[in-house]
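FYI, side chains are in, hydrogens and waters are out, and symmetry mates aren't considered; it's all heavy atoms of this structure. A quick note: this is a predicted structure, and the numbers were derived from the prediction, not measured.
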Amino acid sequence: MLKTDKVFDPEKVDFTEKMAGLSDHDLIIALRKRNDYHPKAAKAAITEAMQRGIIKSEDDLEREEFKPIPFKRFGLFVRAESQKQARGILSSLILILYVFSLIPFLYGGIDIASGDYLMAAKSAILGAFTLYFAYRTSKTEQPADAVKLIIASTLTALFSVYHFWSQLSTFGYMEILVIVVIIGLVLFTSINVWQLTKRLRSM
């Protein structure tokens, strides 16, 4: 089956050749997943299907057996059906990480007030790294930058949890819940940013 979710340069791919190598069954699946493919891949699938007589014209794509397979709306990763939608979701997720990157700076201010300048410096550095890679990923939309963002935001989350933990006099279920939510939200957001950058590369 044709793979189009991984990072590739669409200008260097011979979609006509790839579609010609598919069985009729796989070609029909490609037709039904055309909205999930790069436009050139979708066009090549339609052309190949017409050459084989699977469809007579693009009007046949309106028939039930060729209607696009809908995206799953629920799951671990968010999905986007177009570049515009993907960029909109990406911007929203990046905004969450922008806000999250400010938490270490708030902790740093508390550390400065208490005279712990080393801890304040660590907080500022981690916050700055997360802020920088969030900004860079929003501009480049490159999966490599998104991976760096995952690393930076995860380290920042772990440091924030440590800082939060060190301030507690008691440790109960509510504190554990807060820690799990912080780490889970950061991982979910940053990994989805990475998935969206990969998706944008395949559109």
Side-chain angles (χ1 to χ4, degrees), residues 5-7 35-36 69-203:
D5 261 343
K6 59 184 180 180
V7 176
N35 290 345
D36 196 25
I69 299 173
F71 284 115
K72 293 181 180 180
R73 297 297 180 182
F74 301 97
L76 180 61
F77 300 118
V78 297
R79 300 296 302 269
E81 299 180 19
S82 65
Q83 285 188 345
K84 182 179 180 181
Q85 186 181 47
R87 288 194 170 100
I89 298 172
L90 181 63
S91 296
S92 297
L93 294 177
I94 290 290
L95 180 59
I96 293 174
L97 293 176
Y98 278 150
V99 173
F100 170 73
S101 68
L102 298 178
I103 295 177
F105 291 104
L106 296 176
Y107 276 135
I110 296 173
D111 292 328
I112 291 175
S114 62
D116 192 346
Y117 298 108
L118 178 59
M119 187 65 79
K122 292 178 180 179
S123 297
I125 290 172
L126 284 172
F129 270 125
T130 302
L131 190 62
Y132 168 74
F133 284 117
Y135 174 78
R136 181 176 174 83
T137 302
S138 71
K139 295 301 180 183
T140 66
E141 297 177 350
Q142 292 295 321
D145 288 327
V147 170
K148 295 171 186 175
L149 176 58
I150 292 175
I151 295 172
S153 59
T154 301
L155 290 175
T156 302
L158 292 174
F159 181 80
S160 298
V161 165
Y162 166 75
H163 206 301
F164 171 72
W165 195 342
S166 66
Q167 302 297 316
L168 296 175
S169 56
T170 59
F171 194 72
Y173 291 113
M174 185 57 67
E175 288 75 17
I176 294 175
L177 178 61
V178 170
I179 289 173
V180 170
V181 168
I182 290 174
I183 295 177
L185 178 61
V186 169
L187 284 175
F188 173 80
T189 305
S190 57
I191 290 175
N192 270 289
V193 166
W194 173 61
Q195 285 290 326
L196 282 169
T197 57
K198 291 177 63 180
R199 177 70 181 146
L200 281 167
R201 290 281 292 172
S202 69
M203 287 180 167

Roughly how far, to the nearest 0.5 Å, is the [atom2] atom of [Y] from the [atom1] atom of [X]?
X	Y	atom1	atom2	result
E141	L196	CD	CG	9.5 Å
S91	I96	OG	CD1	11.5 Å
I182	L187	CD1	CG	12.0 Å
S160	L106	OG	CG	9.5 Å
I150	L155	CD1	CG	12.0 Å
L97	L93	CG	CG	7.5 Å

Expected output: side-chain S114 to main-chain D111 donor-acceptor under 3.5 Å: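 Checking the backbone N and O of D111 against the side chain of S114, a donor-acceptor pair under 3.5 Å is found.
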T154 side chain vs I151 backbone, donor-acceptor pair below 3.5 Å: no
Heavy-atom closest pair, residues S138 and I94: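 The pair with the smallest heavy-atom distance is CB-CG2, 4.1 Å.
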Tabulate below the donor-acceptor pairs under 3.5 Å that side-chain atoms of residues 124-135 make, not counting sequence neighbours, or state none.
from: T130; atom 1: OG1; to: L126; atom 2: O; distance (Å): 3.2
from: T130; atom 1: OG1; to: A152; atom 2: O; distance (Å): 3.3
from: T130; atom 1: OG1; to: T156; atom 2: OG1; distance (Å): 2.7

Non-neighbouring partners of Q195 that pass side chain to side chain donor-acceptor pair (under 3.5 Å), sequence neighbours left out: none
M119/F159 under side chain to side chain contact (heavy atoms under 4.5 Å, CB included): CA gap, chis, key distance, verdict: CA-CA 10 Å; M119 187 65 79; F159 181 80; 3.2 Å; yes
More than 12 heavy atoms from other groups under 6.0 Å of OH on Y98: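 Yes, enclosed.
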Side-chain heavy atoms of W194 within contact of V147, under 4.5 Å: yes
4.5 Å side-chain heavy-atom contact, T137 and T197: yes
Pairing residues for F100 by the ring pair (Phe, Tyr, Trp, His ring centres under 6.0 Å) criterion, not counting sequence neighbours: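 Ring pair (Phe, Tyr, Trp, His ring centres under 6.0 Å) check on F100 returns nothing, list empty.
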